[in-house]
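Written out below as structure tokens is the structure these notes cover.
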Amino acid sequence: MTADLLAEVCKDVAVEPPLESLTGEKLKLASAISSDEARLDVSARGFWQRGQRAFFDVKVFNPNAQRHLGQTLAQCYISNEKDKKRSYCERVLEVENGTFTPLIFNCFGGMGPECRQFYKRLCGLLAEKRDDKLSMVTSWVRTKISFALLRSCLTCVRGTRHRYYKCKFSEVDIERDLEETRVEPL
């Protein structure tokens with residue numbers, strides 16, 4: 001879903017793009033991913049800066065999991081963001097010359113701080129391109145995210161027969177969608 005939305009406002013969007021192979025570069029962190037088969041979830045050119053490639057990796061976590069007991073929800077988001085950054089950030093910055101943003105969600109629909117910033121910018125770009133109200137686009141995107149998270153949680157519980165749910169977001173009339181679902185813009 002995120003890749004489809006990015007494709008509307010960015011160039012060169014790729015799902016699970018392979019990272020460049022390391023050719024003698026030494027990564028400082030031992031937890032950094034150095035495999036030649038390393039991939040991130042989505043990349044797009046021109047999201048944060050014009051012409052620069054941005055990489056995004058999505059993680060959905062359960063705040064009630066054993067690992068997160070004794071942590072506040074804010075601490076859970078920060079620790080998951082740090083884990084992703086330890087794994088990929090140095091490699092993306094040094095080898096790919098791009099930016100890295102971890103998109104951290106909890107399974108109940110909440111977003112981490114960097115994820116919120118990402119979707120805030122994405123909604124702004126979509127509203128500008130479509131010439132729609134920012135509040136309308138934001139409500140629509142949040143609703144789509146909620147259903148995507150719900151779908152992923154249900155898939156984990158019961159499995160699936162289909163690999164990927166595809167929707168052409170560029171053809172969706174946001175105003176009509178919100179009107180039909182009776183979702184009020186923020």
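This is a predicted model, so every value here is computed, not measured. Side chains included, hydrogens not; waters and symmetry mates left out as well; all remaining heavy atoms used.
- Every pair passing salt bridge (Lys or Arg N to Asp or Glu O under 4.0 Å) that includes a residue from residues 102-126 is listed here, sequence neighbours excluded: K85-E114.
- Listed for the S79 side chain is a donor-acceptor partner under 3.5 Å among the backbone atoms of C76.
- With K129 contributing its side chain and E8 its backbone, the two residues share a donor-acceptor pair below 3.5 Å.
- When every heavy atom of L40 is checked against every heavy atom of P17, the shortest pair comes out as O-CD, 3.2 Å.
- Residues F55 and L19 meet the side-chain proximity criterion, which asks for heavy atoms closer than 4.5 Å.
- When all heavy atoms of A44 and V13 are compared, the closest pair comes out as CB-CG2, 3.9 Å.
- Note on residues 47-57: pairs passing salt bridge (Lys or Arg N to Asp or Glu O under 4.0 Å), not counting sequence neighbours, are D57-K84.
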Show which side-chain atoms of residues 95-102 pair as donor or acceptor with protein atoms under 3.5 Å away, not counting sequence neighbours.
unit_1	atom_1	unit_2	atom_2	d
E96	OE2	E20	N	2.4
T101	OG1	W48	NE1	3.1

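- Atom CG of D132 sits about 9.5 Å away from atom CG of L126, to the nearest 0.5 Å.
- Donor-acceptor pairing under 3.5 Å is recorded for the side chains of Y119 and T2.
- With hydrogens and angles disregarded, a donor-acceptor distance shorter than 3.5 Å links the side chain of R45 to the backbone of G51.
- Here the closest heavy-atom approach between residue V15 and residue A3 is recorded as CG2-CB, 3.6 Å.
- For residues 65-81, every residue pair satisfying the salt bridge (Lys or Arg N to Asp or Glu O under 4.0 Å) rule, not counting sequence neighbours, is listed here: R67-D83.
- Under the 4.5 Å side-chain contact rule for hydrophobic residues, V42 and L122 share a cluster.
- Annotation: the span from I78 atom CD1 to L73 atom CG amounts to 10.5 Å, rounded to 0.5 Å.
- F61 is not connected to Y88 by any chain of hydrophobic side-chain contacts under 4.5 Å among Ile, Leu, Val, Met, Phe, Trp and Tyr, and they are in different clusters.
- In this structure, N80 and H68 have side chains that are in contact, with non-hydrogen atoms separated by less than 4.5 Å.
- Hydrophobic clustering (side-chain heavy atoms under 4.5 Å, transitive across Ile, Leu, Val, Met, Phe, Trp, Tyr) keeps L6 apart from L134.
- Listed here is the closest heavy atom pair of V58 and D41: N-OD2, 2.7 Å.
- Residues that satisfy the ring pair (Phe, Tyr, Trp, His ring centres under 6.0 Å) test with F47, not counting sequence neighbours, are F56, F118.
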Quiz prompt | Test side chain to side chain contact (heavy atoms under 4.5 Å, CB included) applied to K59 and L103, step by step | solution = CA-CA 6 Å; K59 179 176 185 177; L103 303 178; over 6 Å; no
Exercise. Output, in order, the C-alpha distance, side-chain angles, deciding distance and verdict of side chain to side chain contact (heavy atoms under 4.5 Å, CB included) for V141 and K144.
Key: CA-CA 5 Å; V141 168; K144 292 294 181 188; 5.6 Å; no
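- Summarising the geometry, atom SG belonging to C89 is positioned 9.5 Å from atom CD belonging to E94; distances are rounded to the nearest 0.5 Å.
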Quick one: side chains of residues 104-113, donor-acceptor pairs under 3.5 Å with protein atoms, not counting sequence neighbours, listed by atom name and distance.
unit_1	atom_1	unit_2	atom_2	d
N106	OD1	F108	N	2.6
N106	OD1	G109	N	3.1
N106	OD1	G110	N	3.3
N106	ND2	Y77	OH	2.7

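- Without hydrogens or angle criteria, Q75 side chain to T72 main chain gives a donor-acceptor distance under 3.5 Å.
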